[in-house]
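Single-structure report; data block below.
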Amino acid sequence: MKVIRFITLGIALLASAGAVSGAASTNMINSTNKTELATLGGGCFWCTEALYQMLPGVKSVVSGYAGGKTENPTYKQVCEGDTGHAEVIQI
């Protein structure tokens with residue numbers, strides 16, 4: 001079920017990227033060149049990172065962990081579920 005939600009989210013993001021790209025380029029003309037930062041948790045950060053990198057206007061996407069009790073956990077530790085961390089991306 002989790003995989004289906006990610007695939008559905010991915011398809012929706014890619015479809016909206018295509019629909020928005022024309023509007024985004026038009027809005028960029030009136031842009032103030034303001035950069036904003038968002039941190040999102042969505043399960044597997046590899047899946048969400050790849051999707052957001054394709055959206056117009058996104059400068060970078062960085063994967064990491066949020067919360068948790070283990071200092072500087074490894075990917076394996078987080079996947080085992082004992083650290084309390086969530087996989088997140090910063091856009």
Side-chain angles (χ1 to χ4, degrees):
M1 184 62 98
K2 193 178 200 181
V3 173
I4 293 172
R5 277 187 261 167
F6 282 123
I7 292 171
T8 304
L9 173 64
I11 292 169
L13 286 172
L14 290 174
S16 67
V20 172
S21 64
S25 60
T26 302
N27 290 338
M28 294 293 275
I29 295 169
N30 299 322
S31 173
T32 60
N33 293 325
K34 181 179 174 185
T35 301
E36 296 188 33
L37 178 70
T39 303
L40 306 171
C44 170
F45 55 54
W46 302 115
C47 300
T48 54
E49 179 181 359
L51 293 172
Y52 280 99
Q53 286 175 333
M54 292 187 270
L55 292 176
V58 172
K59 292 184 177 185
S60 70
V61 182
V62 179
S63 297
Y65 309 110
K69 59 185 183 227
T70 304
E71 191 172 329
N72 299 316
T74 65
Y75 180 71
K76 182 179 178 184
Q77 288 173 314
V78 173
C79 289
E80 289 171 351
D82 297 328
T83 67
H85 287 81
E87 294 183 41
V88 297
I89 56 171
Q90 278 196 326
I91 305 168

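For the numbers below, each heavy atom of this structure counts, side chains included, while hydrogens, waters and symmetry mates do not. Here the structure is a predicted model, which means the values were calculated and not measured. Starting from 1, each residue takes its place in the sequence as its number.
Here T70 pairs with P73, Q77, T83, H85 under the side-chain contact (heavy atoms from CB on, under 4.5 Å) rule; sequence neighbours left out.
The only option from V88, L40, I89 that meets the side-chain contact (heavy atoms from CB on, under 4.5 Å) definition with T48 turns out to be I89.
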Taking distance alone, no hydrogens or angles, what donor-acceptor pairs closer than 3.5 Å link side-chain atoms of residues 60-69 to residues at least two apart or in another chain?
unit_1 : atom_1 : unit_2 : atom_2 : d
S63    : OG     : E49    : OE1    : 2.5
Y65    : OH     : Y75    : N      : 3.4
K69    : NZ     : D82    : O      : 3.0

